[in-house]
Amino acid sequence: MQKPNQFIQLRLQKLERLRELGVDPYPVLSHRSHKIGAVIEAKEALVSAETEVTLAGRLVAMRRQGKLGFGDLEDDSGRVQIYVQRDLVGESNYEVFKLFDPGDFIQIRGSMFYTKSGEYSIKAREVTMLSKNIRPLPAVKEKIDEKGNVIRYDEFADIELRYRKRYLDLLLNPRHREVFIKRSKIVTAVREFLDERGFIEVETPILQPLYGGANARPFITHHNTLDVDLYLRIALELYLKRLVVGGFERVYELGRNFRNEGMDRTHNPEFTMLEVYQAYSDLEGMMNLTEGLFHHLAEDVLGQTCFHFRGYDIHLDKPFERASMIDLVKRYAGIDLSDMDYDKALAFCKEKGLEIPEGAQVGKLIELLFETYVEEKLVEPIFVVDYPKEISPLAKSKPDNPMLADRFELFIAGGEFANAFSELNDPIDQRERFEAQAALKAKGDLEATPVDEDFLEALEYGMPPMGGLGIGIDRMVMLLTENDSIKEVILFPQMKRLD
RNA sequence: GGUCCAGUAACUCAGUGGUAGAGUAUCUGCCUUUUAAGCAGAGAGUCGUUGGUUCGAGUCCAACCUGGAUCACCA
């Protein structure tokens, strides 16, 4: 706890004063007959019948005027003005009211009426303290102009404070609160979309004896009773596939992944991933599912199909384009690598002055050219297909070209939004891919994944052909809420300690 | 990790070497229909931290802390 400042001292004195008056500043019991939204709905009826109502909420503003006072009361359904007059509540209750501050939770019993200036308000018969605020909220004022626009003054805008004290951000900045309401709607809609299509939602281990399913450095923790190190999962993939081996044909998980890597505008160490697996489906099925999901979220859930994101207008209302990675490299980097010729690719990368990764084969070089010259050009949604097999250790090869994987990634505004493939179900092939990864790891690649014998054994029992899809929920919410920073869509983003 | 920018009262911000400021918030007084209430008065600050230069530093210099932008890295 910080040292008490002048404001806190004063409020603690008021707390004492309340106790002296026999008022419990933090009572157990509260009551309300209506939410504020409900009394606003039923204005005329409540006013004409002079119905007694009891409201509860947080006092967010106070305008005192001698022997009467006005305030604004807010709950999660709306805001309404309160009117408290000494002659109506009585002397002793008015003494209590005088100790109310903005930030307090209060209860008020009375009837709805219109003030002289026409503002719909509750006229108090009795006010009750529900929870005394002792640390004043930052002062944010707002005014509604003639056109009905809300003008805000001295908004709580410090970015660092908004992240560190998100509760204040939510309380004081309605437009930031709205982002997380939208996020909730989006996540709910994702579940409904998949449930309607016969998928079941499952939960798989976060603490894993081995990590896999992506290339990333893991967090490591320790289990005392078993005396073993465990990893926090970096992906959902390998456990979900085990479930398909187990007979669940359509599964998905919406869950937190953890990657022990850098943090920036699009990376938080923990982030939410959707992974979907559908037996007897394929890449085409996954494209339809992805396209359908984005359309649904945009049109049906948010009611808009054009999103302003990273300085672009992104349209989600049309079928997404498709292009092969090699064609895109040809178009934007200016080299035709459809022959997958290593020497040609290497010479070109060197000529361009690109840094060649250790042990890179032609697939890695194509990826390098793609990342360098293509990604930023992909603005409107586009499915990039035909990934090199070398960089796709869990995907099936294409039947007509063993150098390529049957895989796509969805790019929007220069960023990756989905990753899908026809899942590799050949246990022998999968073992070879794992061993190639292990070899990279032995060479010092910190992000290569270890061989997962338990998973290989599951594959040996047989896994049906299927399509799999991964979508980063945070980035999708960024797009759909038009936010450029991942911290704006994660309630409590990772921050450095201050001490 | 590199570069650039920022950190001053509870909030939003001014302040380019000479006594720490404003608006809001807060407190006191007045006020029985206000609404960014009003009027009068008052209090409130380790100027991110630590050093340095200087007669004198919020201001100049250095290092560090925290955040942001950007680049690198990270599918």
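So you know, we letter chains A, B, ... as the sequences are listed, proteins then strands, and number each from 1.
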(request) Verify whether the ring centers belonging to Phe113(A) and Tyr83(A) lie closer than 6.0 Å. (result) yes

(request) First locate atom OG1 of Thr290(A), then atom CG of Asn419(A), and finally report the distance between them rounded to the nearest 0.5 Å. (result) 10.0 Å

(message) Please report the distance separating the P of rU49(B) from the corresponding atom of rC74(B), rounded so that it comes out in whole Å.
(response) 38 Å

(message) Quick test of your reading of the model: are Lys132(A) and Asp104(A) salt-bridged, counting only N-O distances below 4.0 Å?
(response) yes

(request) Counting Watson-Crick and G-U wobble pairs only, both distances under 3.5 Å, name the nucleotide matched with rC4(B), or none. (result) rG68(B)

(request) Decide yes or no, distance alone: a donor-acceptor N/O pair under 3.5 angstrom between the base of rU33(B) and the side-chain of Ser117(A). (result) no

(request) Scan Gln81(A) against the nucleic acid and name what it touches under 4.0 Å (heavy atoms): base, sugar-phosphate only, or nothing. (result) base

(message) Can you identify which nucleotide, out of rU26(B), rU34(B), rU32(B), has its nearest atom closest to the Leu68(A) side chain?
(response) rU32(B)

(request) Looking only at non-hydrogen atoms, find the nearest pair between Val179(A) and Asn483(A) and report the distance. (result) CG2-ND2, 3.6 Å

(message) Could you tell me the Watson-Crick or G-U partner of rG38(B), where both distances fall under 3.5 Å? Say none if there is no partner.
(response) rC30(B)

(request) Kindly point out which of rA75(B), rU33(B), rU26(B) is positioned nearest to the side chain of Pro102(A)? (result) rU26(B)

(request) Send over the distance from Leu161(A) CG to rC11(B) P, rounded to a whole Å. (result) 6 Å

(message) Testing the 3.5 Å rule here: is there a donor-acceptor pair between the side chains of Tyr163(A) and Glu488(A)?
(response) yes

(message) Can you tell whether the side chains of Glu270(A) and Arg256(A) come within less than 4.0 Å, N to carboxylate O?
(response) yes

(request) Return the residues of residues 381-392 of chain A meeting this criterion: a heavy atom under 4.0 Å from some atom of RNA chain B. Order them by number, or give none. (result) Ile391(A)

(message) Quick check for you: to the nearest 0.5 Å, what is the distance between Asp452(A) atom CG and Phe434(A) atom CZ?
(response) 5.5 Å

(request) Determine: side-chain N/O of Lys14(A) to OP1/OP2 of rC27(B), distance under 4.0 Å, yes or no. (result) yes

(request) Measure distances between side-chain N and O atoms of Gln65(A) and base N and O atoms of rU34(B), and say whether any donor-acceptor pair falls under 3.5 Å. (result) no

(request) Sugar-phosphate means primed atoms, P, OP1 and OP2; the rest is base. With that split, encode nucleotides 38-45 of chain B 5' to 3' as B, S or - using protein heavy atoms under 4.0 Å. (result) -----BS-

(message) Between Lys330(A) and Asp327(A) (salt bridge meaning N to carboxylate O under 4.0 Å), is one present in this structure?
(response) no

(request) Could you tell me whether Arg63(A) atom CZ has more than 12 heavy atoms of other residues or ligands within 6.0 Å of it? (result) yes

(request) Could you work out which one of rC27(B), rA75(B), rU33(B) sits closest to the side chain of Asn419(A)? (result) rA75(B)

(message) So if I take every side-chain heavy atom of Asp101(A) and compare against rC27(B), rU34(B), rC11(B), which nucleotide ends up nearest?
(response) rC27(B)

(request) Could you tell me whether the phosphate oxygens of rU33(B), OP1 or OP2, come under 4.0 Å of any side-chain nitrogen or oxygen in Lys116(A)? (result) yes

(message) For the P atoms, the ones on rA22(B) and on rA9(B), what distance do you get once it is rounded to whole angstrom?
(response) 14 Å

(message) I'd like the C1' distance from rC31(B) over to rC39(B), given in whole Å.
(response) 9 Å

(request) Nearest whole angstrom, please: distance from the C1' of rU34(B) to the NZ of Lys123(A). (result) 14 Å

(message) Please give the distance between the C1' atoms of rA10(B) and rC71(B) as a whole number of Å.
(response) 37 Å

(request) Establish, yes or no, whether a centroid distance under 6.0 Å links the rings of Phe320(A) and Phe408(A). (result) no

(message) Does the structure show a Watson-Crick or G-U wobble partner for rA63(B), both distances under 3.5 Å? Name it, or say none.
(response) rU49(B)

(message) From NZ of Lys143(A) over to C1' of rA36(B), roughly how many Å is that when rounded to an integer?
(response) 7 Å

(message) What contact category does Arg407(A) fall into here, base, sugar-phosphate, or nothing, at under 4.0 angstrom with non-hydrogen atoms?
(response) base

(message) Does Lys496(A) reach a base, just sugar-phosphate, or nothing at all? Heavy atoms under 4.0 Å.
(response) sugar-phosphate

(request) Please measure how far the C1' atom in rG58(B) lies from the corresponding atom in rA14(B), and state the result in whole Å. (result) 12 Å

(request) Rounded to whole angstrom, note down the C1' distance from rU50(B) over to rA69(B). (result) 27 Å

(request) Check the distance between rU12(B)'s P and Leu168(A)'s CG and give it to me in whole angstrom. (result) 11 Å

(message) Distance check needed: rC65(B) C1' versus Arg164(A) CZ, whole Å only.
(response) 11 Å

(message) Quick check: on RNA chain B, is the nucleotide nearest Ser121(A) upstream (toward 5') of the one nearest Gly66(A), or the reverse? Name the residue that is more 5'.
(response) Gly66(A)

(message) In whole Å, measure the gap between the C1' atoms of rU12(B) and rA75(B) for me.
(response) 41 Å

(message) Return a single string for nucleotides 68-74 of chain B, one symbol per nucleotide in 5' to 3' order, where B is base contact, S is sugar-phosphate-only contact and - is none, cutoff 4.0 angstrom on heavy atoms.
(response) SSS--BB

(message) Could you tell me if Arg64(A) sits above the aromatic ring of Phe97(A), with its cationic atom closer than 6.0 Å to the ring centre and no more than 45 degrees from the axis?
(response) yes

(message) Less than 4.0 angstrom from a charged side-chain N to a carboxylate O is my criterion; do Glu275(A) and Lys241(A) meet it?
(response) no

(request) Give Asp87(A) one of three labels, base, sugar-phosphate or nothing, depending on what nucleic acid heavy atoms sit under 4.0 Å from its own. (result) base

(request) Using the C1' atom as the reference point in each nucleotide, state the distance between rG29(B) and rG68(B) in Å, no decimals. (result) 45 Å

(message) Rounded to whole Å, how long is the line connecting atom CZ of Arg162(A) with atom C1' of rG67(B)?
(response) 12 Å

(message) Any salt bridge linking Arg433(A) with Asp429(A)? Criterion: basic side-chain nitrogen under 4.0 Å from a carboxylate oxygen.
(response) yes

(message) Under 4.0 Å, heavy atoms only, any strand: does Ala61(A) hit a base, just the sugar-phosphate, or nothing?
(response) nothing

(message) Do the side chains of Lys398(A) and Asp386(A) get close enough for a salt bridge, i.e. N-O under 4.0 angstrom?
(response) yes

(request) With RNA chain B as reference, determine whether Asp72(A) or Glu367(A) sits nearer its 5' end, using the nearest nucleotide of each. (result) Asp72(A)

(message) For Lys364(A), is there an ion pair with Glu367(A) - N to carboxylate O distance below 4.0 angstrom?
(response) yes

(request) Grab the CG-P distance between Asn260(A) and rA75(B) for me, whole Å please. (result) 13 Å

(request) Would you indicate what Glu142(A) reaches in the nucleic acid, counting non-hydrogen atoms under 4.0 angstrom: base, sugar-phosphate, or nothing? (result) sugar-phosphate

(request) Rounded to the nearest angstrom, tell me the gap between atom CZ in Phe156(A) and atom P in rC13(B). (result) 12 Å

